[in-house]
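Residue numbers begin at 1 in each chain, while the letters A, B, ... track the order of the sequences.
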Protein chains: 2
Amino acid sequence: MNTIQGSPTPIEKMLAGRLGALAHPARLRILQHLSGHPACCCKEVVECLDLAQSTVSQHLKILVDAGLVIYRPERPRSVYQVDRAALAGLSTSLAGLIEACCAGEPQSCKDKNSGN
Amino acid sequence: MNTIQGSPTPIEKMLAGRLGALAHPARLRILQHLSGHPACCCKEVVECLDLAQSTVSQHLKILVDAGLVIYRPERPRSVYQVDRAALAGLSTSLAGLIEACCAGEPQSCKDKNSGN
DNA sequence: CGTATTCATCGTTCATCGCCGATAAACGAT
DNA sequence: ATCGTTTATCGGCGATGAACGATGAATACG
């Protein structure tokens, strides 16, 4: 009946989007690098990645748009930092999904409809 | 120094691959549906998703290839189930990465070279 | 045998990704 | 005023992804 089956919920889209932002070796690497420094500029990331500066800038933008990295366009150089809260939140969301999957209860199927 | 900056490690690629498999609303939905049933056939998933059967079959294949779903081509209908162990492993890997990021220690930058 | 069901695969179309070089904007320094 | 540095964005290109319909294989039922 209510096999809702309609368009994806905003929550699904959001989660998929963040996972997508994470789903690239260069971006994982960027996150790791960022995590090792209080603040990084773009050039610094470029130097640890051997990709073109424009490419790195785009990867950074993807992470920022996904809400995983904090960005401040300060003047001599921009500032990028890991958004630890967002990352923790993502981890929690994913853990919740996975826990539901591992529990294997039919409820987990209906839960996705309630939020819609 | 150790700004290794070379090609991505296999681990990074693997993690990125699995995250990529997860990074689609339809596939998240499939995983949730699968988690609510001991075993599903393709048609059943199709009915809860309103995508074409061929499309669903491909999404399923992506999840299987990523090692997140177990597949047995039994005869009347195929059997798909969540690979709970793999999912748990992914959760652990990601949690580790995120924890490293949230700790914010420079070590986390070197960790990526060692083993994990 | 013929039909219906289920499913994987193929071929196609269209959109998006990933990468690059080039360029322009915003400074600091000379 | 003119460099040099840093960075974001643009345009383009090849590759990949996502979706579909059509097709064929395998099986169950008449």
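Using cut-offs of 30° and 60° for the angle between ring planes, the B:Y71 and B:Y80 rings count as parallel.
Taken from CG in B:L34 to CG in B:L63, the straight-line distance is 8.0 Å, to the nearest 0.5 Å. Atom OG of residue A:S93 and atom CG of residue A:L15 lie 6.0 Å apart, to the nearest 0.5 angstrom. Interatomic distance, CG of B:L97 versus CG of B:L19, reported as 8.5 Å (0.5 Å rounding). Atom CG of A:L68 and atom CD1 of A:I62 lie 11.0 Å apart (nearest 0.5 Å).
With hydrogens and angles ignored, a donor-acceptor pair under 3.5 angstrom links the side chain of A:Q53 to the base of D:dA8.
For the helix from C:dC1-D:dG30 to C:dT30-D:dA1, the axis fitted to the five pairs at one end and the axis fitted to the five pairs at the other end meet at an angle of 10° (nearest 10 degrees).
A straight line from CG of B:L49 to C1' of D:dA19 spans 13 Å, rounded to a whole angstrom. With rounding to whole Å, B:L51 atom CG is found 10 Å from D:dC20 atom C1'. Atom CD in A:Q58 sits about 11 Å away from atom C1' in D:dG11, given to the nearest Å. Here D:dT16 presents its P atom at 18 Å from NE2 of B:H24, a figure rounded to the nearest Å. As a whole-Å value, the separation of A:K43 NZ from D:dA8 C1' is 16 Å.
Under the 4.5 Å side-chain contact rule for hydrophobic residues, A:L51 and A:V64 share a cluster. A:I70 is not connected to A:L31 by any chain of hydrophobic side-chain contacts under 4.5 Å among Ile, Leu, Val, Met, Phe, Trp and Tyr, and they are in different clusters.
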### Query
Does the pair B:K43 and B:V56 meet the rule for a side chain to side chain contact (heavy atoms under 4.5 Å, CB included), with working shown?
CA-CA 9 Å; B:K43 181 185 192 317; B:V56 172; over 6 Å; no
### Task
Would you sort out whether B:V45 and B:H59 count as a side chain to side chain contact (heavy atoms under 4.5 Å, CB included), showing the intermediate values?
CA-CA 10 Å; B:V45 179; B:H59 280 307; over 6 Å; no
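B:S78 comes within 4.0 angstrom of the backbone, heavy atoms only, and of no base.
Between A:Y71 and D:dA8, a side-chain N or O to OP1/OP2 separation shorter than 4.0 Å is present. At least one side-chain nitrogen or oxygen of B:T55 sits closer than 4.0 Å to the OP1 or OP2 atom of D:dC20. Here B:H59 reaches the OP1 or OP2 of D:dA19: one of its side-chain N or O atoms lies under 4.0 Å away.
Mapping B:E74 and A:A26 onto DNA chain C by nearest heavy atom places B:E74 at the nucleotide closer to the 5' end.
Where DNA chain C meets chain B (any atom under 4.0 Å from a heavy atom), the bounding nucleotides read 5' to 3' are C:dT6 to C:dT9.
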